[in-house]
Amino acid sequence: MKYKLLVIDDDKDIRIMLKDYFELMGYLVYLADSGREALEKVACRPDLILLDINMPELDGLEVCKRIRNQINVPILFLTAKIEEQDKINGFRAGGDDYILKPFSLEELSARIMAHLRREERGRERKALCSAGEFIINYNDRTVFIGEKQIVFTKTEFDIIEFLSSNKGRIFDKESIYEKLWGFDKEGDNAIITEHIRRIRKKFAKESEKEMIETVWGVGYRWIG
């Protein structure tokens, strides 16, 4: 199976150079010349995204935040210069790595392969979580009780994935909120309470078994 790369850069020469190089390396390469086009192209379900930070209209940081609401793959920022605060902002926006322009294609290729291998190892480690008839498929982002699929929103599944991957550990609302949306996301972490209420309601329709326990005054933990 060929890996799919999405290259987002407003510089045509860079887009063409990366497309030609990585297609020769055996990748499927998709291109976007703006943030708005990038938000449409993520429908191709890339395995990794190369994202220029300095673009007109929507810059790379904003594009990264929006992409993270649709897909969870490694995002590597391409940038001509970077300060420590820029790195912090990029990681908070959901980025995974940086590479400075001008860059070596060999180094970029090596970094891409390192991230893809890490993703593969992660999928192998936690493809499924099961307890009796209850099954979570992390790769497909599906939840089944017996043969019945329980449909969850993206945010609901993200909470289920986070808690179930850390079974028995207690997390307060702030920790869950920061894990899902980052430290600088504006909003009320009380929304976590509402999401968990909805998750429990969906579980309760199909099973009497409690999956998420409230530890009063502390937070929540997965016990399923």
Side-chain angles (χ1 to χ4, degrees), residues 1-23 27-82 85-101 103 108-109 111-112 115-116 118-119 122-123 138-142 151-162 176-188 191-192 195:
M1 180 186 72
K2 289 187 176 182
Y3 287 116
K4 293 185 287 187
L5 303 182
L6 173 57
V7 177
I8 307 163
D9 199 304
D10 62 339
D11 187 319
K12 182 179 179 180
D13 291 337
I14 290 179
R15 292 198 308 275
I16 297 304
M17 175 186 69
L18 293 176
K19 179 179 174 65
D20 290 346
Y21 179 81
F22 284 108
E23 283 185 342
Y27 293 87
L28 291 175
V29 182
Y30 300 83
L31 303 178
D33 62 8
S34 68
R36 299 196 183 281
E37 184 180 10
L39 295 175
E40 298 174 358
K41 288 292 183 69
V42 294
C44 74
R45 311 300 294 179
D47 296 296
L48 184 142
I49 295 172
L50 298 176
L51 174 57
D52 181 30
I53 288 184
N54 300 309
M55 293 188 296
E57 296 184 34
L58 291 176
D59 67 16
L61 296 180
E62 181 61 28
V63 172
C64 183
K65 291 177 184 177
R66 297 193 187 188
I67 285 175
R68 279 289 177 239
N69 291 326
Q70 301 181 52
I71 191 170
N72 185 27
V73 298
I75 297 177
L76 279 63
F77 285 118
L78 306 176
T79 182
K81 62 177 182 177
I82 190 166
Q85 188 59 46
D86 296 324
K87 285 189 176 182
I88 293 171
N89 292 339
F91 290 134
R92 285 179 172 176
D96 297 285
D97 201 357
Y98 280 88
I99 189 160
L100 291 175
K101 298 178 180 178
F103 47 78
L108 177 58
S109 178
R111 290 201 188 193
I112 287 173
H115 281 282
L116 292 173
R118 191 174 300 121
E119 288 292 298
R123 282 194 287 267
Y138 295 111
N139 293 341
D140 295 339
R141 296 178 65 82
T142 56
V151 178
F152 293 98
T153 66
K154 179 187 182 300
T155 299
E156 289 168 354
F157 187 88
D158 288 344
I159 292 172
I160 291 171
E161 181 176 23
F162 176 57
I176 299 172
Y177 188 91
E178 289 171 2
K179 176 63 178 179
L180 268 61
W181 291 297
F183 290 91
D184 59 350
K185 178 73 173 180
E186 294 182 2
D188 183 359
I191 196 173
I192 295 297
H195 282 303

Taking all non-hydrogen atoms of both residues, which atom of [X] and which atom of [Y] are closest, and how far apart?
X	Y	answer
Cys64	Gly94	SG-C, 3.5 Å
Thr142	Phe157	N-CE1, 3.7 Å
Arg45	Lys4	O-CE, 3.2 Å
Leu76	Ile112	CD2-CG1, 4.2 Å
Phe77	Gly95	CE1-CA, 3.6 Å
Leu31	Arg15	CD2-O, 3.8 Å

Counting C-beta onward and ignoring hydrogens, is there a side-chain heavy-atom pair between [X] and [Y] closer than 4.5 Å?
X	Y	value
Leu48	Tyr27	no
Thr155	Ile191	no
Arg141	Asp158	yes

Could you give the distance from [atom1] ([X]) to [atom2] ([Y]), rounded to the nearest 0.5 Å?
X	Y	atom1	atom2	result
Asp97	Leu78	CG	CG	10.0 Å
Ile14	Lys12	CD1	NZ	13.5 Å
Asp59	Asn54	CG	CG	7.5 Å
Leu28	Tyr3	CG	OH	12.5 Å
Leu18	Phe103	CG	CZ	4.5 Å
Met17	Asp11	CE	CG	8.5 Å

Examine distances only and state if a side-chain atom of [X] and a backbone atom of [Y] form a donor-acceptor pair shorter than 3.5 Å.
X	Y	value
Asp52	Ile8	no
Lys41	Leu6	no
Asp10	Ser34	no

Does the ring center of Phe91 lie less than 6.0 Å from the ring center of Tyr98?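 Yes.
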
After noting the C-alpha distance and the side-chain angles of Ile159 and Phe152, does the key distance pass the side-chain contact (heavy atoms from CB on, under 4.5 Å) rule? CA-CA 10 Å; Ile159 292 172; Phe152 293 98; over 6 Å; no

Residues Arg66 and Glu62 bridged, charged N to O under 4.0 Å: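 Yes, Arg66 and Glu62 are salt-bridged.
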
Side chains of His115 and Asp96: is there a donor and an acceptor less than 3.5 Å apart?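 On atom types as modelled, these side chains do not qualify, holding no pair under 3.5 Å.
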
Run the numbers on Val7 and Val29 for side-chain contact (heavy atoms from CB on, under 4.5 Å), then give the verdict. CA-CA 7 Å; Val7 177; Val29 182; 4.0 Å; yes

Evaluate side-chain contact (heavy atoms from CB on, under 4.5 Å) for Leu5 paired with Asp47, printing each intermediate quantity in order. CA-CA 6 Å; Leu5 303 182; Asp47 296 296; 5.8 Å; no

Residues which pass side chain to side chain contact (heavy atoms under 4.5 Å, CB included) with Val73, listed by chain and number, not counting sequence neighbours: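 Result, side chain to side chain contact (heavy atoms under 4.5 Å, CB included) vs Val73: Ile49, Ile71.
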
